Amino acid sequence: MAESTLTKKRVAWRIKLEPRLDEPPAWYPIAVSVGAVVVALILGGIVIATAGGNPFLSYVYIARASFGSIGVLSDTIVKATPIILTALACSIAFRMKLWNIGAEGQFIMGAWGASAIVLAPVLPAETSRWLFIPVMALAGLGMGAVWGFIPGYLKAKFNVNEIISSLMLNYIAVSWVNYWIFGVWSEGGFQMSPKFPEGASLPRLSDYASSVPALQGLTTHGGLLFGIVAAIILWFIVYRSRWGYEIRLIGDNPQAAKYAGINIIRNTILVMALSGALAGLGGMSEVAGVVRRLQTSPIAAGYGFTGIIVAWLAKLNPLVIILVSILFGALILAGREIQPSGIPKMIQGIILVCLIASDFLLRYRVRLVHGEEE
Amino acid sequence: MDFVIILQAGVASGTVLLFATLGEVLAERSGVLNLGVEGMMLIGAMSAFSVTIATGNPWIGVLVAMIVAGLLSQIHAFIAITLQADQVVSGLALTLVGTGISLVLGEGLSKAGTVSLMPNFSIPLLSQIPVLGPIFFRNQSVLVYIGYLMVPLAWYYINHTRPGLHLRAVGEYPAAADALGINVFRMRYIYVFVGGMLAGLGGATISLAVAPGWFSELTTGGQGWIAVGLVIFAQWDPFRAAIGSYAFGALRRLILDIQAPLLLFGMDNPFYYNPYWGFFLQMLPYAFTVIVLVIGSREAIRKRLGAPAALGNPYIRGERGK
């Protein structure tokens, strides 16, 4: 007897995994995501420390430089605006398990399309803002949709992997815009187009400072409205419309969708085009609201890739995307002045890694059990 | 324009893609799709360059690059194999992490100056063969020759050896392989690691042989993604991977060289007189990747060939039909 209790004591604790059969409580996924981001920030801190930086100062700096005052908060929202639209673009495609990672290229082409209205010029420079902005928005939506349509069509008709084709189109979009700003639309040999006229730019809060003095110096622009309206419309499409139901069904169970008579080929093309259009609108909002000229570096700044992470962190929910985008806007805004300059990108990557890893906790219950229990 | 010189440089440049593509072929044959190739190549290029600066020995640089990229790949292996997460998103995250870490740790490396590179040499008899000799065997980097050896070796290993059979079994029907006593999880970890090492070797081939130096993200410029596309074109076969890689390498060189001369085929070179047309040339590798994918995908449908059956699916013991 004594011997057997001894062996029992020696049985080690071990980790046991049980598939979750019930829905976890509503707070649980949120807690897991927040936990994943905290772990990511700790891991990022370790790499920063390895590279010779001070992680605590870096993070405190990020917080202060992005939320510290109304002025920087406004700048944070400016950075969040393109991310909202690219994340919405990714979310609708991911919902159908279409891996559109070409939001970057669709964003750039949208910016180009909107710029072409001004620079070609399609509309004369003295056109009223009430005509200019809608036409530019349509051009941005349209060019983005074309850039999303291509991988969607190739996927639907030839079963071409949309991940690679949409990514290749990113590089093509950058070269395309470079051709125009280095050559055709170059201003005095510089790698940028001339400045847009006043009518072709989205109004900023500071434009109204003459009537409301508190708005002095605030850079938040009308593109934010595009983002919010698009998010609300997309929420209704996904959760409240028949089309959204089809998209969700194809994503969750393509076989069942097929048997239910849903046209997968048509939906693949449509969803990729819609995804591209949303990213393209983001590009339009960025040229018309922030840069106010066509120029590669501030346009092709990786908003498309950040959109992927934001969409994932928001669990593809369009309204949550707005909130998460603001956090990532903060990271990017503050990151501009942090050395080494790769830190924001690295932290974004680590956050995505931790997020995917944490999904495991939603599917499995992890328990410490005594070895003898089985 | 001397086409022999362009093709010679093209073979060297294609070796980068060859290593990365072969690595991805092995990982995918085991059933794991790793989209982190771009990130692994970048971290390989960065560590090869910085270690070579520190030690002065490019061989150590190459070795460290392979180990570091292999270790990075294990993040993906853990998430995709053990945690059974979506391999697409995980691979994408790996690219972002690899790129980010490379940029942080590679800060300042671009001004680090020159390093000793991997040695170049000619193969005595083979380099005398007309046309083919100078292209393949004259004054090439040792890494290029390693690439030549690796293609038939990988082919033989996959198709004609016992571990190769196990590899294919794990990628096609892991449940059956498991029933035969093959450790599916360990095999997949190993091949993801090998894939990572080869991607790191590809990165080191850039920074220590083909285009020496560290140019942040532009060092690879999307070649990791092209490699992922080439795997589909190659239909998971090493020889087809080699053909695709060298063709793309030659295309890259042609794009660089076509812009230099005043005359092209006896006419005024339009790319010399209109330098902005060069941007259209720069699109070509990416456009060709899409075209090659269309060809590869159509052929796969016609011949009923396809990816390894279990590609992208996590293996979960006791679950049916995977």
Side-chain angles (χ1 to χ4, degrees), chain A residues 19 44 47-48 50-51 53 94 97 99 101 150-151 154-155 157-161 163-165 167-180 182-184 186 305 308-309 312 339-361 363-364, chain B residues 33 35 38-39 75-76 78-80 82-86 88-108 216-217 221-222 225-226 228-229 232 274-290 293-298 300-301 316:
Chain A
V47 180
I48 295 172
T50 313
F94 290 1
K97 297 246 158 64
W99 303 112
I101 48 175
I150 299 171
L154 294 176
K155 166 83 175 180
K157 295 286 177 189
F158 306 113
N159 197 27
V160 168
N161 187 319
I163 302 168
I164 303 165
S165 58
L167 196 105
M168 291 295 126
L169 287 170
N170 291 346
Y171 292 99
I172 295 177
V174 172
S175 287
W176 173 252
V177 168
N178 274 337
Y179 167 73
W180 290 88
F182 276 77
V184 187
S186 165
F305 295 105
I308 296 169
I309 304 165
W312 205 254
Q339 291 300 323
S341 55
I343 285 180
K345 194 165 252 175
M346 181 192 72
I347 291 177
Q348 289 183 40
I350 296 178
I351 288 176
L352 187 55
V353 165
C354 292
L355 272 179
I356 308 160
S358 75
D359 270 358
F360 185 74
L361 295 173
R363 283 181 287 117
Y364 287 88
Chain B
L33 174 69
L35 296 180
E38 178 83 1
I75 297 176
H76 177 68
F78 179 68
I79 293 175
T82 302
L83 300 186
Q84 303 154 7
D86 191 289
V88 172
V89 189
S90 171
L92 205 55
L94 193 71
T95 287
L96 292 175
V97 169
T99 308
I101 295 180
S102 309
L103 293 184
V104 170
L105 298 182
E107 180 87 1
S216 64
E217 284 156 300
W225 291 103
I226 293 180
V228 176
I232 297 170
N274 306 295
Y276 308 122
W277 289 23
F279 289 114
F280 289 100
L281 291 175
Q282 284 175 15
M283 294 177 192
L284 286 179
Y286 309 110
F288 268 100
T289 306
V290 176
L293 276 178
V294 174
I295 297 169
S297 307
R298 292 189 68 160
I301 294 170
I316 305 167

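Quick caveat, the model's predicted, so the values are computed rather than measured. Residue numbering restarts at 1 for every chain, and letters A, B, ... go by the order of the sequence lines.
- The heavy-atom pair separating A:F360 from B:T82 by the smallest distance is CE1-O, 4.0 Å.
- Taking the ring centroids of B:F279 and A:Y179, they lie at or beyond the 6.0 Å cut-off.
- Between the CD atom of A:Q348 and the OG1 atom of B:T99 there is a distance of 11.0 Å, given to the nearest 0.5 Å.
- Of the listed residues B:G221, B:G39, B:G98, B:S102, the one with more heavy-atom pairs under 4.5 angstrom with chain A than any other is B:G221.
- Two residues are said to be in side-chain contact when any heavy atoms from C-beta on lie closer than 4.5 Å; B:T95 and A:F305 fail this criterion.
- Using a 4.5 Å cut-off between heavy atoms, B:I101 touches chain A through backbone and side chain atoms alike.
- Remark: B:L92 CG to A:I101 CD1 distance equals 5.0 Å, nearest 0.5 Å.
- In this structure, CD1 on B:I79 lies 7.5 Å from SG on A:C354, to the nearest 0.5 angstrom.
- With a threshold of 4.5 angstrom between heavy atoms, A:L361 does not approach chain B through any atom at all.
- There is no contact between A:I347 and chain B, counting heavy-atom distances below 4.5 Å.
- Closest heavy-atom contact between B:A93 and A:V353: CB-CG2, 3.6 Å.
- Per-residue counts of heavy-atom pairs under 4.5 Å with chain A were compared for B:V290, B:V89, B:V97; the largest is that of B:V89.
- Heavy atoms closer than 4.5 Å to chain B are found in both the backbone and the side chain of A:I356.
- Side-chain contact between B:L96 and A:I350 is absent, with no heavy-atom pair separated by less than 4.5 Å.
- Using a 4.5 Å cut-off on side-chain heavy atoms (C-beta onward), B:D86 and A:W99 make contact.
- Taking the six-membered ring where the residue is Trp, A:W176 and B:F280 present perpendicular rings, their angle passing 60° and hence far from 30°.
- Separating the CE atom in A:M168 from the OG1 atom in B:T289 is a distance of 5.0 Å, to the nearest 0.5 Å.
- For B:S90, the parts lying near chain A are the backbone and the side chain together; criterion is any non-hydrogen pair under 4.5 Å.
- Here A:S175 is the residue among A:P151, A:G44, A:S175 with the most heavy-atom pairs under 4.5 Å with chain B.
- Contacts between A:D359 and chain B at a heavy-atom distance below 4.5 Å are absent for every atom of the residue.
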Could you give me the CA-CA distance, side-chain angles and deciding distance for B:Q282 and A:Y171, then say whether side chain to side chain donor-acceptor pair (under 3.5 Å) is met? CA-CA 9 Å; B:Q282 284 175 15; A:Y171 292 99; over 6 Å; no
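- Note that CG of B:L284 is 8.5 Å distant from CD1 of A:I172, once rounded to the nearest 0.5 Å.
- Both the backbone and the side chain of B:L293 come within contact range of chain A, judged by heavy atoms closer than 4.5 Å.
- Rounded to the nearest 0.5 angstrom, B:Y276 OH and A:N178 CG are separated by 11.5 Å.
- Contact annotation for B:V88: only side-chain heavy atoms (C-beta onward) come within less than 4.5 Å of a heavy atom of chain A.
- Contact of A:F94 with chain B is not made at all, since no heavy-atom distance falls under 4.5 Å.
- Between chain B and the residues A:V174, A:L167, A:N159, A:I309, the most heavy-atom pairs under 4.5 angstrom are made by A:L167.
- With a 4.5 angstrom heavy-atom cutoff, B:L83 touches chain A via backbone and side-chain atoms both.
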Side chain to side chain contact (heavy atoms under 4.5 Å, CB included), that's the test. Do A:I164 and B:I226 meet it? Break it down for me. CA-CA 8 Å; A:I164 303 165; B:I226 293 180; over 6 Å; no
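- At a threshold of 4.5 Å between non-hydrogen side-chain atoms, the residues A:K345 and B:L103 count as touching.
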